[in-house]
Amino acid sequence: MIRKLSAVVLLTAGALAVAAAPATAATGRLVLHGETGRVVINPGPGCYGSGTPYSGVTNDTDTAVTAYSGSGCTGLSLVVQPGRSTTGEFRSVRVPS
C-alpha cells in the first residue's frame, strides 16, 4: 500500500512540475533588421544583441519587446508593441519573461 501511495505522489508531483514549466515568452516572429539581422521564431525571454547595430525591429509576436541603444539591453530604450515595427539604431532587444 505504501509503495502504491508513493508512486501516486511521485506521478502527481511530476505532472505538477510539467504543468508549471514556463512557456515561451512570446509567440510569433521577432525580426531584427540590419547587416547582421536575424529572425527569431517564438523568442524566449532574454536579451538578443549584436556587435553591429540593428537598423530596425519588427515585432510580429504577441508580447511587447524593448529595443535598446546599447549592447546587453542597456542605454536608451523604446518599447515595440506587438504587430508594430520601428527603425533606428539598436544594439539589443529584450523579450520579457
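All residue numbers refer to positions in the sequence shown, counting from 1. Just so it is clear, the model here is predicted, and its values are computed rather than measured.
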Give the minimum heavy-atom separation between [X] and [Y], together with the two atoms involved.
X: Asp62; Y: Thr27; result: OD1-N, 2.9 Å
X: Gly44; Y: Ala25; result: C-CB, 3.8 Å
X: Pro45; Y: Pro96; result: CB-O, 3.7 Å
X: Ala67; Y: Val57; result: CB-CG2, 4.2 Å
X: Gly75; Y: Tyr68; result: O-CD2, 3.9 Å

query = What distance do Arg84 atom CZ and Thr61 atom OG1 have between them, rounded to the nearest 0.5 Å?
reply =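 OG1 of Thr61 is found 13.5 Å from CZ of Arg84.
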inquiry  = If I take atom CG from residue Asn59 and atom CG from residue Leu30, how far apart are they, to the nearest 0.5 angstrom?
reply    =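 Those atoms lie 6.0 Å apart.
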Phe90 side chain reached by Leu32 side chain, heavy atoms, under 4.5 Å =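 Side-chain contact under 4.5 Å: no.
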inquiry  = When you compare the side chain of Arg38 with that of Val40, does any pair of heavy atoms fall below 4.5 Å?
reply    =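 Yes - at least one pair of side-chain heavy atoms lies under 4.5 Å apart.
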message = Quick check against the 3.5 Å criterion: does Ser92 have a side-chain atom that pairs as donor or acceptor with the backbone of Cys73?
response =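 Yes, Ser92 side chain to Cys73 backbone: donor-acceptor pair under 3.5 Å.
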query = side chain to side chain contact (heavy atoms under 4.5 Å, CB included) with Pro53: which residues, sequence neighbours excluded?
reply =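 Listed in chain order: Glu89, Arg91.
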task = Sequence neighbours left out, what passes side-chain hydrogen bond (donor to acceptor under 3.5 Å, both in side chains) with Ser85? Give chain and number order.
result =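 Scan of Ser85 (side-chain hydrogen bond (donor to acceptor under 3.5 Å, both in side chains), adjacent residues dropped) gives Thr58.
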Same cluster (ILVMFWY, side-chain, under 4.5 Å), Val39 and Tyr54 =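 In one cluster: no.
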